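Since the model is a prediction, treat every value here as computed from it, not as a measurement.
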Amino acid sequence: MMFCYNCGRRLSEQHDFCTSCGADVALYKKIMHVSNMYYNEGLEKAGVRDLTGAVISLRQSLKFNKGNIMARNLLGLVYFELGEVATALREWVISKNLSPDKNIADEYIDKVRSNSTRLDSINQTVKKYNRALALCVQDSQDLAVIQLKKVLSMNPRFLQAHQLLALLYMEREEWERAERELRKCMDIDRNNLQTLRYLKEVEQALMPDEGVKAPVKRKKDEAVRYQSENEIIIQPLNVKEPKRGSGFTGVFNMLIGLVIGLAAMYYLVVPAAQSRVRSEEQQTITKISSESDAKTARIQELESQIADKDGSLQELRAQIEGFTGTDGTMQMTESLLQIASAYTQSGDMHAAMDQLEALAERVNMEEMTEGFRTLYQSLFTAIGPKLSEEYYDAGYQQYYTNRFEEAQETLILAVKYDAANADALYLLGEAYRSGGDTENAINTYEKVIELFPDTQRARDAQRKKSSLG
């Protein structure tokens, strides 16, 4: 059963237009059918515990029809089954606000919130899991394992906690424990890609090694080692020491020959060698003197050329410093490329946006190259809308839990990162109005009317502004 988006009357299945107001609903019907098709697909996947696939299908259903209450409620149940209770509550709260009457999401929310002990346990679970992540970053793996075990004792179906614990066991090469955790993950969600990837690596590690060669026998020592006081002496085997001579005459004759040889060298060889050295030194001095005169003239000529070019060199250095210095164009471009590279590898939108804003404060965009400005704008455009949507979801939950000041701060960031986010700007006005800030509420409604004319948000803003006087 479908109702007209224009007048709210029930649509006929035989006609592609509303029989009440005449609006063309052909495309609208196709969109609703596609949304329902994805809902049915998600329902089937959830029935066979393919929870990851169910999340993907149900999110596709909500992309085509955000008002598909059954899909949103089922998505909350799937998140609850995965141990992500906060995310489940968010989906049920959105469902309740979209359809306040006869919505089963009321029962789900009441069951969670009515048990204060259970709700406190959920909050503690999330905090301990985040603490475990921080310990992993600090390389305190033992403490992280302890935290995760506490998390799983409080919430045994927390899939991400099981996966992280298995990953830590894999890092410590405790493959059997890792396999047990991954089997628990399979019981919760059969086709989770991350679980399957980890399990494949664990199974490969647990396979017995093949083709291991027998240890090579060590060769027998070819030397005898023994210690004498603080020294280790190595004596080769099968080496015979030479026999010592016992004759004194041979030693005396050798000494006499040595003395005669030294005397002959001193009186005959040394004087001739000294004369030859003096002659060579004189020739060397003459040669060095002539070369020195020629080099002195050449140095004076080069110094003159250097003095002429020193001015232009200083100017070039100043220009190079403008490109390669700490705040130069090349350095800023390199910083921007590093930010883009880090974002493509990690996907951390918050870190990338903080770095972009810090970079923007250091440079004058008008003085930067066109390539720099284009890359900066492309990166900001790629990150901004996603970050804005994240802040909008958080602000939405804060608003509907009556935390209006927190919602205002969060929604200001959502509008900052995506000026075209009409929903965030309108909800910011609602947060001001609910928080008693009439002046800012009126100013925000006027921005909605100015930036998004002829839209439902503009008409709603005009009505709320009029009610404030």
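- Within the 4.5 Å cutoff, the side chain of L164 has heavy atoms near those of the C136 side chain.
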Q | Candidate pair L375 and L337, rule side-chain contact (heavy atoms from CB on, under 4.5 Å), full reasoning | A | CA-CA 8 Å; L375 178 57; L337 290 173; 3.6 Å; yes

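- Residues K184 and D187 are not paired through a salt bridge, judged by the lack of any N-O separation under 4.0 Å between the basic side chain and the carboxylate.
- We find the NZ-CD1 distance between K102 and I69 to be 15.0 Å, quoted to the nearest 0.5 Å.
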(Q) Using the rule given for salt bridge (charged side-chain N to carboxylate O under 4.0 Å, His left out), can you reason through R180 versus E176, listing the C-alpha separation, both sets of side-chain angles and the distance that settles it, and then say yes or no? (A) CA-CA 6 Å; R180 282 198 297 271; E176 291 80 5; over 6 Å; no

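- Here the OG1 atom belonging to T374 is positioned 12.0 Å from the CE atom belonging to M368, to the nearest 0.5 angstrom.
- In this structure, CZ in F80 is found 5.5 Å from CH2 in W92, a value given to the nearest 0.5 Å.
- Using a 4.5 Å heavy-atom cutoff, the side chains of E370 and R373 are in contact.
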Q: Go through Q147 and Y129 one step at a time and tell me if the side-chain contact (heavy atoms from CB on, under 4.5 Å) criterion holds.
A: CA-CA 7 Å; Q147 288 289 333; Y129 176 75; over 6 Å; no

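- Side chain of D418 to main chain of A414: no donor-acceptor pair is present (N/O by atom type, distance under 3.5 Å, no hydrogens or angles).
- Proximity of a side-chain donor or acceptor of N73 to a complementary backbone N or O of S95 within less than 3.5 Å is not detected.
- The environment of R190 atom CZ is sparse: at most 12 non-hydrogen atoms of other residues, nucleotides or ligands sit within 6.0 angstrom.
- With no hydrogens or angles considered, a side-chain donor-acceptor pair links T401 and R403 at under 3.5 Å.
- Shortest non-hydrogen contact noted between H162 and P156 is NE2-O, 2.7 Å.
- Using a 3.5 Å distance cut-off with no hydrogens or angles, the side chains of Q456 and D460 do pair a donor with an acceptor.
- Within 6.0 Å of CD in E203 there are more than 12 heavy atoms belonging to other residues, nucleotides or ligands.
- The number of heavy-atom neighbours closer than 6.0 Å to NZ of K447, taken from other residues, nucleotides and ligands shown, is 12 or below.
- Y169 has its side chain within reach of L165: a pair of non-hydrogen atoms, C-beta onward, lies under 4.5 Å apart.
- For the pair L143 and Q138, the minimum side-chain heavy-atom distance is 4.5 Å or more.
- Contact between I339 and A352 at its shortest, heavy atoms only, is CG2-O, 3.9 Å.
- L152 and A161 get closest at one heavy-atom pair: CD2-CB, 3.6 Å.
- Residues Q338 and Q355 have side chains that never bring a donor and an acceptor to within less than 3.5 angstrom of each other.
- In this structure, the side chain of N97 engages the main chain of V93 through a donor-acceptor pair within 3.5 Å.
- In this structure the side chain of E81 never reaches within 4.5 angstrom of the side chain of L77, judged on heavy atoms.
- Annotation for E439: atom CD does not count as buried by contact number, only 12 or fewer foreign heavy atoms lying within 6.0 Å.
- Atom CG of residue L411 and atom OH of residue Y426 lie 12.5 Å apart, to the nearest 0.5 angstrom.
- The CD1 atom of I56 sits 11.0 Å away from the OH atom of Y38 when rounded to the nearest 0.5 Å.
- The two residues F64 and Q60 have their closest heavy-atom pair at CD1-O, 3.1 Å.
- Between L451 and L425 the shortest side-chain heavy-atom distance falls below 4.5 Å.
- Distance check: T381 OG1 to K386 NZ gives 11.5 Å after rounding to the nearest 0.5 Å.
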Q: Would you sort out whether I442 and T438 count as a side-chain contact (heavy atoms from CB on, under 4.5 Å), showing the intermediate values?
A: CA-CA 6 Å; I442 292 175; T438 304; 3.9 Å; yes

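- For Y198 against Q163, the heavy-atom pair with the smallest separation is CE1-O, 4.0 Å.
- Using a cutoff of 4.0 Å between basic side-chain nitrogens and carboxylate oxygens, E107 and K111 are not scored as salt-bridged.
- Checking S35 against N68 by side-chain atom types alone, a donor-acceptor pair falls below 3.5 Å.
- Side-chain contact between L182 and M186 is absent, with no heavy-atom pair separated by less than 4.5 Å.
- Taking the six-membered ring where tryptophan is involved, the planes of Y396 and Y400 are tilted, since the angle between them lies from 30° to 60°.
- For the pair N421/Y391, no side-chain contact is recorded, criterion being any heavy-atom separation below 4.5 Å from C-beta on.
- Side-chain atoms of Y445 and E430 form a donor-acceptor pair, as typed in the model, at a separation below 3.5 Å.
- Distance alone, capped at 3.5 Å, places no donor-acceptor pair between the T410 side chain and the A407 backbone.
- Between R183 and E179, at least one side-chain N (NZ, or NE/NH1/NH2) sits under 4.0 Å from a carboxylate O, which counts as a salt bridge.
- Q408 and N440 share no side-chain donor-acceptor pair at under 3.5 Å.
- A pairwise comparison of heavy atoms in G429 and T444 identifies N-CG2, 3.5 Å as the closest pair.
- Formation of a donor-acceptor pair under 3.5 Å by the R72 side chain with backbone atoms of G67 is not found in this model.
- Between the side chains of N191 and T52, no donor-acceptor pair of N or O atoms lies under 3.5 Å.
- Looking only at distances, no side-chain donor or acceptor of S388 sits under 3.5 Å from a matching main-chain atom of G384.
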Q: Check step by step if side-chain contact (heavy atoms from CB on, under 4.5 Å) holds for F404 and N402.
A: CA-CA 5 Å; F404 301 121; N402 298 329; 3.6 Å; yes

